[in-house]
Amino acid sequence: MRKILPLFLLFAALLLAWGEASSQAFPPATRAERRVARMQQATANVSEPDEYRLGRAVAARVLAAYPLVRDPQLQLYVNEVGQAVARKSSRPRTFRGYHFAVLESAEPNAFAAPGGTILITRGLLKLCATEDELAAALAHEAAHVAHRDGINTIAKSRWAEVRAERRVAAAKERGGRAAAMASLFEGSINDVFKTMAANGYGRTAEWAADQEALRTLHRAGYNPGALATLLAKMVEQEKTEKRGIYRTHPPTALRLAKVKMQLKGLPPQAPQKVRDQRFKEQKI
Ligand SMILES: [Zn+2]
């Protein structure tokens, strides 16, 4: 717990007010998204407070591997962009809100812990040429939170055990049971961390996250095409870079092709000078 305290103090300072989600629909829900919605039902009994606790523990594991970037201005900026997209996602509110932070690592990567803690590495940030591309990367991660992809990796049977132990512990109110419960919870944390950091959520969840990211960007006033331009650069980088996001996501060229299909027929948005200027002011 002590390790994650500085992070959460930082997050507390960076929290912004929530906005209203736009009702604008773009594009319509896909088959991949509907499948994700069905999967969500499997772990629907994981409460929001439990999701938050699990997510905090998962984020702490990531932070044990990568330190936070010591640049408050950059952290604040990434939070502002992140909050702007998260509040336009399909899940604008979570139990304790969304939190964004930049990790000190050259490896291009991003993590979406359950409940809304989103971590992006400096390596992935460096790949972004505009604020819209940063927003695209964050919108993809916010979609993982909205779809509860992390929580959905917990084996159904494991969560059933947690619930059963909890009932026994509540009835007995005695020490030994509480310890057993904690170790069961540990198993769930391992499930989420392993999938998020090593295996990835799988193709269906990734396509759905890309598709939701396009809609989120559109609602938040960003150019959805930024997801395509970011992915195009990732396609190039993937040829030499096999770590991080490339290990946990489907081949980037396939993601790019799917995103381009979704973008077809949409008028390109003019780049906004204000956004480009504040992006350039950051020391990335
Ligand atoms: Zn993803």
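Every number for a ligand or one of its atoms is a count from 1 in the order of the listing.
Of the listed residues (Val192, Thr195, Ile189), just one forms a side chain to side chain contact (heavy atoms under 4.5 Å, CB included) with Ile154, and that residue is Val192.
Between His144 and His249, the ring-plane angle classifies as perpendicular under the 30° and 60° cut-offs. By the 30° and 60° cut-offs, the orientation of the rings of Tyr98 relative to Phe100 is parallel.
To the nearest 10 degrees, the angle centred on the Zn ion (ligand 1) between NE2 in His140 and NE2 in His144 reads 90°.
For Glu206, the N, O or S atom with the smallest separation from the Zn ion (ligand 1) is OE1.
For the residue pair Asp210 / His140, a side-chain donor-acceptor distance below 3.5 Å is found, with atom types taken as modelled.
Taking backbone and side-chain atoms together, Asp149 has no N/O/S atom less than 2.8 Å away from the Zn ion (ligand 1).
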